[in-house]
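One structure is given below, encoded as structure tokens.
Sequence positions, counted from 1, serve as the residue numbers for this chain. If you're wondering where the values come from, they're calculated on a predicted model, not measured in any experiment.
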Amino acid sequence: MVPGARESLLDAACSALARRPWATVRMVDVAAAAGVSRQTLYNEFGSKDGLARALVRREADSYLAGVEHALATHSDARERLAATAEWTAVSARDNDLVRAMLTGCWSERLPAPTLSAVPSSSAVPAQRRADGPLPSPGDLVAIVRDRAVAVLAGPGRHRADTHELARSCELVVRLALSCVAAPPGGGDAGVAELVRGALHRQGV
């Protein structure tokens, strides 16, 4: 496959989804928008469901990369977690697929691939990964919590302290998700302020 064609196909699928419901997105149109043949698209993803799974996987990876960036942005633990919460709320607001993955609420206009692994005969390593399990909302909460703990715990922290830190990190993620469902006043800054206040009361 032409280098970069996979990403071009996923970009084309994402653009098509922004304009119309997934059920009406045609593979031939996605291929044409990416400048490749329909056979190339099928060779890469196998089916429309395979394309959907790869698209969901990419958006999950992009969200988690943003989490890593937010955790690395500040030196203060509270600000790192506030930035993570803010990124979560912004991502869910701006990206319907991320919102669906974080909340489990898949609208009729979105693809809704099964989260369990599917049989794969693909020779494409990236597609085999997309054929594996996709993250549920609970999975994403746990991944973000564990990545935050890994960044914030540092060496020499006692197990009991790490347990409390994990609880605080999970609280931040769940608080951010509540802001996705019911945005606070003050917009994105309001999310960060809520998190700072909650962490202050917990002594973080």
Minimum side-chain heavy-atom gap Trp106-Val56 below 4.5 Å: yes

message: Assigning hydrophobic clusters by single linkage (Ile, Leu, Val, Met, Phe, Trp, Tyr; side-chain heavy-atom cutoff under 4.5 Å), is Val124 placed with Val36?
response: no

query: After noting the C-alpha distance and the side-chain angles of Glu170 and Arg167, does the key distance pass the salt bridge (Lys or Arg N to Asp or Glu O under 4.0 Å) rule?
result: CA-CA 5 Å; Glu170 182 160 337; Arg167 290 182 60 185; over 6 Å; no

query: So, do Arg57 and Leu134 sit near enough that their side-chain heavy atoms are less than 4.5 Å apart?
result: yes

message: Side-chain heavy atoms nearer than 4.5 Å, only ILVMFWY residues, links allowed to pass through others: does that put Val151 and Val149 together?
response: yes

- request: Please report the closest heavy-atom contact between Ala12 and Ala33, naming both atoms and the distance.
  value: CB-CB, 3.9 Å

- request: Establish, from distance only, whether the side-chain atoms of Thr88 and Tyr63 form a donor-acceptor pair under 3.5 Å.
  value: yes

task: Establish whether Leu10 and Val118 are linked, either directly or via other cluster members, by ILVMFWY side-chain heavy-atom contacts under 4.5 Å.
output: no

statement: Residues Leu194 and Cys179: closest non-hydrogen pair is CD1-SG, 3.7 Å

Evaluation steps, side-chain contact (heavy atoms from CB on, under 4.5 Å), between Leu81 and Leu152: CA-CA 9 Å; Leu81 292 173; Leu152 300 177; 3.8 Å; yes

message: Working to the nearest 0.5 angstrom, can you tell me the gap between Leu102 CG and Arg174 CZ?
response: 11.5 Å

- prompt: Tell me, do Val191 and Arg93 make a side-chain contact under 4.5 Å, heavy atoms counted?
  reply: no

- prompt: Are Val180 and Val67 connected, step by step, through hydrophobic side chains (Ile, Leu, Val, Met, Phe, Trp, Tyr) whose heavy atoms are closer than 4.5 Å?
  reply: no

- request: Decide yes or no for Leu17 and Pro111: does some side-chain heavy atom of the first lie under 4.5 Å from some side-chain heavy atom of the second?
  value: yes

Close side-chain approach of Val141 to Leu177, heavy-atom, < 4.5 Å: yes

message: Are more than 12 heavy atoms, taken from residues, nucleotides or ligands other than Arg20, located less than 6.0 Å from that residue's CZ atom?
response: yes

task: Could you tell me whether Glu108 atom CD has more than 12 heavy atoms of other residues or ligands within 6.0 Å of it?
output: no

query: If every non-hydrogen atom of His74 is compared with every non-hydrogen atom of Ala83, which pair is closest and at what distance?
result: CD2-CB, 4.0 Å

- prompt: Within the side chain of Arg53, is there an N or O that forms a donor-acceptor pair under 3.5 Å with the backbone of Gly132?
  reply: yes

- line: One should read off an interatomic distance between Ser75 OG and Arg80 CZ, to the nearest 0.5 angstrom, of 6.5 Å

query: Among side-chain atoms of Ser8 and Asp11, is any donor-acceptor pair under 3.5 angstrom?
result: no

Leu115-Phe45 co-clustered via ILVMFWY side chain contacts under 4.5 Å: yes

message: If I compare all heavy atoms of Ala54 with all of Arg6, which pair ends up nearest, and what's the gap?
response: CB-NH2, 3.8 Å

field: Heavy-atom side-chain proximity of Glu44 to Thr40 below 4.5 angstrom
entry: no

Shortest non-hydrogen contact between Ala70 and Trp87, atoms and distance: CB-CB, 4.5 Å

message: Between Ser178 (side chain only) and Leu175 (backbone N and O only), is there a donor and an acceptor less than 3.5 Å apart?
response: yes

- prompt: Can you tell me how far CG of Asp96 sits from CH2 of Trp22, rounded to the nearest 0.5 angstrom?
  reply: 13.5 Å

message: Is any side-chain heavy atom of Glu79 closer than 4.5 Å to one of Arg196?
response: yes

- line: Note: Ala92 and Val98 closest approach over all heavy atoms is N-CG1, 4.1 Å

message: Could you measure the distance from the CD atom of Glu59 to the CG atom of Asn95? Nearest 0.5 Å is fine.
response: 4.5 Å

- prompt: Could you go step by step and tell me if Arg19 and Asp29 meet the salt bridge (Lys or Arg N to Asp or Glu O under 4.0 Å) rule?
  reply: CA-CA 13 Å; Arg19 296 191 302 272; Asp29 295 333; over 6 Å; no

message: How about CZ on Arg128, more than 12 heavy atoms from neighbouring residues, nucleotides or ligands closer than 6.0 Å, or not?
response: yes

CD-CZ distance between Glu7 and Arg58, expressed to the nearest 0.5 angstrom: 5.0 Å

Test log, rule side-chain contact (heavy atoms from CB on, under 4.5 Å), inputs Arg147 and Thr84: CA-CA 11 Å; Arg147 291 189 182 187; Thr84 300; over 6 Å; no

message: If I take atom CD from residue Glu86 and atom OG1 from residue Thr73, how far apart are they, to the nearest 0.5 angstrom?
response: 10.0 Å

message: With heavy-atom distances below 4.5 Å as the criterion, would you say the side chains of Leu41 and Val28 are in contact?
response: no

task: For Asp139 and Ser136, indicate whether the former's side chain and the latter's backbone hold a donor-acceptor pair under 3.5 Å.
output: yes

